[in-house]
Amino acid sequence: MAESITNRNEKWREELRQLHSTKQRTSLPRVKMPEVDPGYRVTCVDEVNQGLSVEQAVLESRRCLDCPDPGCVKGCPVANNIPGFIKNIERRNFSEALKVINETSVLPAVCGRVCPQEKQCEASCIYNKMKKQPVAIGHLERFVADFIRESERQQQNDDKTVRDDAASQSALPLSIKIAVIGSGPSGLAFAGDMAKRGYKVTVFEALHTFGGVLKYGIPEFCLPNEIVDYEIERLKKLGIEFVKDSFVGKTISYQELQALGFKGIYIATGAGKPRFMCVPGENLPGVMTANEYLIRLNLLDSQAYGKNSTSLAGKRVAVIGGGNTAIDAVRFALRMGAEKAMIVYRRSEAEMPARSEEIRHAREEGVEFMTLSNPVEYISDDSGFLKAMRLQKMELGEPDASGRRSPVAIPGAVEEIPVDLVVVSVGSLPNPPTSLPDLEMTRQGEIVVDNSSMKSSSPAIYAGGDIVRGPATVILAMGDGRRAANAMAEAFERRLQSLEL
Ligand SMILES: Cc1cc2nc3c(=O)[nH]c(=O)nc-3n(C[C@H](O)[C@H](O)[C@H](O)COP(=O)(O)OP(=O)(O)OC[C@H]3O[C@@H](n4cnc5c(N)ncnc54)[C@H](O)[C@@H]3O)c2cc1C
Ligand code: SF4
């Protein structure tokens, strides 16, 4: 673990460890996250998880044993100093806890909500070996970020706090202009780190709103927009310029960016290109991709019931897939009034890649899970609109390259199910901007980079997030942005020292 502002040998931590015995700590049950009742939550887009109170967070933090060789840190893709921030919660020093998290993570309110902790840090917590529920690391991370945000709001001193942050972290302003293409978590993390180093950063975003998938993909009932907007406001106060409706490769070219004096470019355009299954009938009205569907719901004020064209009142909706996107889509369908909302997934629930909490929430809300089923045809009515889907029943065979048991069709086992809307959510592909110099790409369209610096095959162009990895996670996208910022800044510093610039 890198040197942190708090380490295990500090006196306060030693004293804190001695306050309660291991037996006392491990006998505490995991604090349950308060949730909105399923019957009510399907009628609105209120956030489902309500957050821990101060007392609940402190109680949960007490469960953490401050392990000498913490497995949780090894399980975190960006090696957050997890016991370091949790022990600060236990001693009620929440601002210090946030500082510890911010050493490695720039969007804790987001990551605390959407990271798959059960497969990462929490999966490696020592409690699992004791056959007990792991420390609720994600809920504690979210608590810290939310607590500080709300305190700042209450004191009405946001401006001061951000100026203080900027003043304490920014280097002397430099005249070097850097362009970031895409305002998702990767672009935001990169932009923040470069601005703190004094670079003049401009973020170009194709859409009319900033945040990437955090805004147009993940619904408000999982991640409220105000959380993302708050983080973007903080970045603006660091001097970063945000330009919306600016599609690099269409409304502005690479050559124009160069002419405007941008000396470095970070590409973070994500993986928003939909993937199709090539099933007969997939082009019928009534079949759409998850991207199109979620953009309509998230960005077109669809939460205003009755005022829009996205109401699904009385409709039967099937979402094809088992990832986070599919579960978000199907839960959204219920909130838009769907009479029946189904997940159609070709393997069993155990193989679903979605976060387990999301699957549980979906089930509580009344989503029907049609597992071991795969669509083989969509059927239209006399007017050419979707009316049914034909599903091939599957069974599990040998494990495939992903280690999951592969689905095998059961001969002759096909059933027809009536449906009004099908949302295809079987993954997506990278969408690299056009008009850039010839970059080395994979066959799938991912930009090839050096893994440690995130530098592409073209000088001064770096890339990270889903455009490099294919569809992945928020924390990995952010980690790439931070690594790229480090490497690009070092490269500029070397050039400045040799007076090349
Ligand atoms: C519905 C959904 C739910 C998800 N749920 C989770 C979850 O619970 N947990 C988790 O960890 N991950 C989740 N993910 C994955 C996660 O959101 C992504 O891995 C992450 O957002 C990738 O970040 P990024 O910055 O690389 O790209 P993105 O977030 O995709 O942002 C890319 C941005 O670039 C813009 N852009 C594209 N081309 C151009 C261009 N030419 N010019 C200008 N701008 C451009 C796009 O409009 C977009 O705003 C989910 C994804 C989806 C779709
Ligand atoms: S492994 Fe679990 S108990 Fe140990 S430091 Fe990490 S969170 Fe705390």
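Values below: all heavy atoms of this structure, side chains included; hydrogens, waters and symmetry mates excluded. Numbering of ligands and ligand atoms starts at 1, following listing order.
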Indicate whether the side chain of Arg13 and that of Asn88 have a donor and an acceptor atom separated by less than 3.5 Å. no
Strictly below 4.0 Å, N to O, side chains only: are Lys455 and Asp450 in salt-bridge contact? no
For the ring pair Phe94 and Phe143, is the centre-to-centre distance below 6.0 Å? yes
Steps toward ring-ring contact (aromatic ring centres under 6.0 Å, His included) verdict (Tyr254, Phe262): CA-CA 10 Å; Tyr254 171 66; Phe262 289 100; over 10 Å; no
Which of the protein's N, O or S atoms come within less than 2.8 Å of atom 4 (Fe) of ligand 2, not counting waters? Cys67 SG
Can you confirm whether the side chains of Asn298 and Glu220 place a donor and an acceptor under 3.5 Å from each other? no
Rounded to the nearest 0.5 angstrom, the SG-CD distance for Cys76 and Glu141 is 7.5 Å
CD1 on Ile475 to OG on Ser105, rounded to 0.5 Å: 4.5 Å
How about Ser253 and Glu256: does a side-chain donor come under 3.5 Å of a side-chain acceptor? yes
Before we go on, tell me: are the rings of Tyr462 and Phe190 under 6.0 Å apart, centre to centre? no
Between ligand 1 and the protein, find all N/O pairs closer than 3.5 Å and give the distance for each.
{"unit_1": "ligand 1", "atom_1": "8 (O)", "unit_2": "Val114", "atom_2": "O", "d": "3.3"}
{"unit_1": "ligand 1", "atom_1": "9 (N)", "unit_2": "Val114", "atom_2": "O", "d": "2.6"}
{"unit_1": "ligand 1", "atom_1": "11 (O)", "unit_2": "Val474", "atom_2": "N", "d": "3.0"}
{"unit_1": "ligand 1", "atom_1": "19 (O)", "unit_2": "Asp466", "atom_2": "OD1", "d": "3.0"}
{"unit_1": "ligand 1", "atom_1": "19 (O)", "unit_2": "Asp466", "atom_2": "OD2", "d": "3.1"}
{"unit_1": "ligand 1", "atom_1": "19 (O)", "unit_2": "Ala472", "atom_2": "O", "d": "3.2"}
{"unit_1": "ligand 1", "atom_1": "19 (O)", "unit_2": "Thr473", "atom_2": "N", "d": "3.4"}
{"unit_1": "ligand 1", "atom_1": "25 (O)", "unit_2": "Pro185", "atom_2": "N", "d": "3.3"}
{"unit_1": "ligand 1", "atom_1": "25 (O)", "unit_2": "Ser186", "atom_2": "N", "d": "3.0"}
{"unit_1": "ligand 1", "atom_1": "26 (O)", "unit_2": "Asp466", "atom_2": "N", "d": "2.9"}
{"unit_1": "ligand 1", "atom_1": "29 (O)", "unit_2": "Val213", "atom_2": "N", "d": "3.0"}
{"unit_1": "ligand 1", "atom_1": "41 (N)", "unit_2": "Val248", "atom_2": "O", "d": "3.0"}
{"unit_1": "ligand 1", "atom_1": "42 (N)", "unit_2": "Val248", "atom_2": "N", "d": "3.0"}
{"unit_1": "ligand 1", "atom_1": "44 (N)", "unit_2": "Ala206", "atom_2": "N", "d": "3.1"}
{"unit_1": "ligand 1", "atom_1": "47 (O)", "unit_2": "Glu205", "atom_2": "OE2", "d": "2.6"}
{"unit_1": "ligand 1", "atom_1": "49 (O)", "unit_2": "Glu205", "atom_2": "OE1", "d": "2.6"}
{"unit_1": "ligand 1", "atom_1": "49 (O)", "unit_2": "Glu205", "atom_2": "OE2", "d": "3.1"}

